[in-house]
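None of the values given here were measured: they were computed from a predicted structure. Starting from 1, each residue takes its place in the sequence as its number.
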Amino acid sequence: MKTFIISFFMILSQTFAQWQPDLRLTNNSAGSGTSFNNAWCIAANSNFVHVVWYDERDGNFEIYYTRSTLAGISWEADIRLTINSALSAYPSVAVSGSVVHVVWYDERDGNSEIYFKRSTNGGVSWGADIRLTNNPANSGSPSVSVSGSAVHVVWVDYRDGANGEIYYKRSTNGGVSWGADTRLTSNSSNSSSPSVSVSGSVVHVVWMDTRDGNYEIYYKRSPDDGISWGSDTRLTNNSATSFSPSVSVSGQFVHAVWRDNRDGNDEIYYKRSTNGGVSWGSDLRLTINAAASWYPSVTVSGQAVHVVWSDYRDGSNPEIYYTRSTNGGLYWGADIRLTNNSASSFNPSVSVSGSAVHVVWQDERDGNFEIYYKRDPTGNPVGIININSEIPEKFVLLQNYPNPFNPATKIRFALLKSSIAKLVVYDILGREMETIVNERLNAGTYEADWNAVNYPSGIYYYKLKAGEYTDTKKMILVK
């Protein structure tokens, strides 16, 4: 018995990765690519995960789609969404319930135009292509976001001259019909790479803009589903280049990330608003290394903010990296390297659903670029709250309640000072089941939820490590 206890706690003290192995989604001799960071090539809803990309297997680039109905565990066959002899590229996908929305730019009309397509049955079948723009100039870099039946699309458009401007269009009936184009920017400089995110009726847009001489990140919002728009807000202010923004919103919390070379090399920066975009906090540098970090993508679920990007810190080829915050962007965990091969891994997109985090990117490890996917089934904490910000007398890990439980229970703990807190659940053999918390938290008392719906009845252990403090307790699942 003594040997078992020692062995158990040796296993308990180890750190286990939650990220599962890379999964190759495409397999052909042609190139397959994901979009840059202003758009998302992955969208998740419940156990449904939707992925879009552009693919050259047909002689020219076409838009392709695949889905998983098992939260990324297995994937269905590819579906070709476009069929024409021209270039179709840089898709963006969003989902609301069973309705999946895809936008992309398409050269079938002689110049680049923005097109839209939707599925009303979760990706099983697809409607006809709808042309969203119609002018003799080029339109590109679309990004789509959806809230209920309101679909919002932004893109860069050159109809106004040699410089790009940001345009917007919406549908109020789930993509059946569309309103007129709305020009969001109006200046003689170049505006590009727009990214859009919506929460309720408030629409948020970020983009990069050279009106100040160098590229800076700008922001604009609509409080009424895109009917009217506020003034432009400059988010960055430095003499270096700030570009490639991505935005995501949850309630009043708006999160923006971008690539910035104010430090001499490209780093990933972050900024947030806690009042729906009315005002913004200070810039926060997320990466600190001597190599370049490119093309970040952000998504948010409640207080959990997830960021992925391409990073050159490991040599001459870029790898995909990830970090997250579980307290609304206040503190961030350590960088996690998601890929490890001698080829280039580019243009990641991230999405979450339930407790799972989903990442997709393009990868050259197979000789040509293919689409790869990775998931962390427990990486999105869905139940941790700060119930008391007063500084407690000591570190404490309390007994879960209820106990025994079926299938959910609550775990309360107190932090004497700001610490990187890690709360992990293990089975009776010492195998890690889930990491519930793994972030820096302020001093205070917290309560975390654990739902064991996918686990069998039995004895489980939960361990809290915060600085030098460590404690472990037992809980019983009875089904």
Which pairs count as salt bridge (Lys or Arg N to Asp or Glu O under 4.0 Å) when at least one residue sits in [range], sequence neighbours excluded?
range            : value
residues 23-46   : R24-D366, R24-E370
residues 345-359 : none
residues 30-42   : none
residues 183-205 : D160-R183, E165-R183

Is there a side-chain contact between [X] and [Y] (heavy atoms, below 4.5 Å)?
X    : Y    : result
V360 : I371 : yes
V100 : F48  : no
V308 : P296 : no
D311 : N289 : yes
V144 : V151 : yes
I411 : L423 : yes
C41  : S35  : yes
T287 : R313 : yes

Holding to side-chain contact (heavy atoms from CB on, under 4.5 Å), I want the full list of residues that pass it with [X], two or more places apart in sequence or in another chain.
X    : result
A334 : none
L330 : R272, N327, N442
S228 : P223, D224
S46  : none

For residues [X] and [Y], is any side-chain donor paired with an opposing acceptor at under 3.5 Å?
X    : Y    : answer
N214 : T241 : no
W40  : S297 : yes
N380 : S301 : yes
T66  : E76  : no

Legend entry - Distance, nearest 0.5 Å, that separates OG of S193 from OH of Y295: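 The OG atom of S193 sits 8.0 Å away from the OH atom of Y295.
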
Inset, instruction - Scan N317, D22, N340 and name whichever one has a side chain to side chain donor-acceptor pair (under 3.5 Å) with R365. - result: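 Filter result, single survivor: D22.
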
Counting N and O atoms only, with roles assigned by atom type, does the side chain of [X] sit under 3.5 Å from a partner on the main chain of [Y], one being a donor and the other an acceptor?
X    : Y    : result
N368 : N28  : yes
S195 : N38  : yes
D109 : N111 : no
T82  : I63  : yes
S242 : T236 : no
S248 : V300 : yes
T120 : V99  : no
D232 : T185 : no
K169 : L132 : yes
D263 : N265 : no

Legend entry - Which atom of S279 lies closest to which atom of S273, heavy atoms considered: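 Between these two residues, the closest heavy atoms are O-OG, 2.7 Å.
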
Legend entry - S139 versus Y105, closest heavy-atom pair with distance: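 Between these two residues, the closest heavy atoms are O-CB, 3.7 Å.
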
Inset, instruction - Could you go through the side chain to side chain contact (heavy atoms under 4.5 Å, CB included) check for V305 and V298 one step at a time? - result: CA-CA 7 Å; V305 192; V298 61; 3.7 Å; yes

Legend entry - N-O pairing of R285 and D260 below 4.0 Å: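 Result for this pair is no, no salt bridge flagged.
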
Inset, instruction - Decide, yes or no, whether a salt bridge links D55 with R80 under the criterion of side-chain N to carboxylate O below 4.0 Å. - result: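 Salt bridge between D55 and R80, a charged N being under 4.0 Å from a carboxylate O: no.
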
For residues 121-130, which side-chain N or O atoms pair as donor and acceptor with protein atoms under 3.5 Å away, sequence neighbours left out?
{"unit_1": "N121", "atom_1": "OD1", "unit_2": "S119", "atom_2": "OG", "d": "2.9"}
{"unit_1": "N121", "atom_1": "OD1", "unit_2": "V124", "atom_2": "N", "d": "3.2"}
{"unit_1": "N121", "atom_1": "OD1", "unit_2": "S125", "atom_2": "N", "d": "3.0"}
{"unit_1": "N121", "atom_1": "ND2", "unit_2": "S125", "atom_2": "OG", "d": "2.8"}
{"unit_1": "W126", "atom_1": "NE1", "unit_2": "G123", "atom_2": "O", "d": "3.3"}
{"unit_1": "D129", "atom_1": "OD1", "unit_2": "K117", "atom_2": "NZ", "d": "2.5"}
{"unit_1": "D129", "atom_1": "OD2", "unit_2": "R108", "atom_2": "NH1", "d": "3.1"}
{"unit_1": "D129", "atom_1": "OD2", "unit_2": "R108", "atom_2": "NH2", "d": "2.8"}

Legend entry - Aromatic ring proximity, centroids under 6.0 angstrom, Y219 and W280: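 Yes: the rings meet the under 6.0 Å criterion.
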
Inset, instruction - Under the side chain to side chain donor-acceptor pair (under 3.5 Å) rule, collect the residues that match up with D314, sequence neighbours excluded. - result: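 D314 satisfies side chain to side chain donor-acceptor pair (under 3.5 Å) with Y321, R337 once adjacent residues are dropped.
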
Legend entry - All side chain to side chain donor-acceptor pair (under 3.5 Å) counterparts of Q20, not counting sequence neighbours: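 Once residues adjacent in sequence are excluded, the partners of Q20 under the side chain to side chain donor-acceptor pair (under 3.5 Å) criterion are R375.
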
Legend entry - By ring-ring contact (aromatic ring centres under 6.0 Å, His included) - contacts of F369 (at least two apart):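 Listed in chain order: nothing, the list is empty.
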
Legend entry - From CA spacing to verdict: side-chain hydrogen bond (donor to acceptor under 3.5 Å, both in side chains), S189, N163: CA-CA 6 Å; S189 63; N163 62 299; 5.9 Å; no

Inset, instruction - Report the C-alpha distance between Y269 and L286 in whole Å, list the side-chain angles of each, state the deciding distance to 0.1 Å, and finish with yes or no for side chain to side chain contact (heavy atoms under 4.5 Å, CB included). - result: CA-CA 5 Å; Y269 271 77; L286 293 188; over 6 Å; no

Legend entry - Intermediate values then yes/no, side chain to side chain contact (heavy atoms under 4.5 Å, CB included), T339 and I320: CA-CA 5 Å; T339 60; I320 306 302; 3.8 Å; yes

Inset, instruction - Just do the side-chain hydrogen bond (donor to acceptor under 3.5 Å, both in side chains) check on Y158 and N135 with the steps written out, would you? - result: CA-CA 9 Å; Y158 288 86; N135 66 79; over 6 Å; no

Inset, instruction - Kindly assign one of parallel, tilted or perpendicular to the pair H306 and Y322, based on the angle between their ring planes and the thresholds 30° and 60°. - result: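 Plane angle under 30°, so parallel.
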
Inset, instruction - Show your working on side chain to side chain contact (heavy atoms under 4.5 Å, CB included) between K220 and Y218 and close with a plain yes or no. - result: CA-CA 7 Å; K220 200 179 191 85; Y218 272 78; over 6 Å; no

Legend entry - Candidate list Y312, F243, W309, test ring pair (Phe, Tyr, Trp, His ring centres under 6.0 Å), partner W294, passing option: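 It is Y312; the other options fail the test.
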
Legend entry - Partner of Y90 by ring pair (Phe, Tyr, Trp, His ring centres under 6.0 Å), out of W53, F36, W155: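 Exactly one candidate clears the test, F36.
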
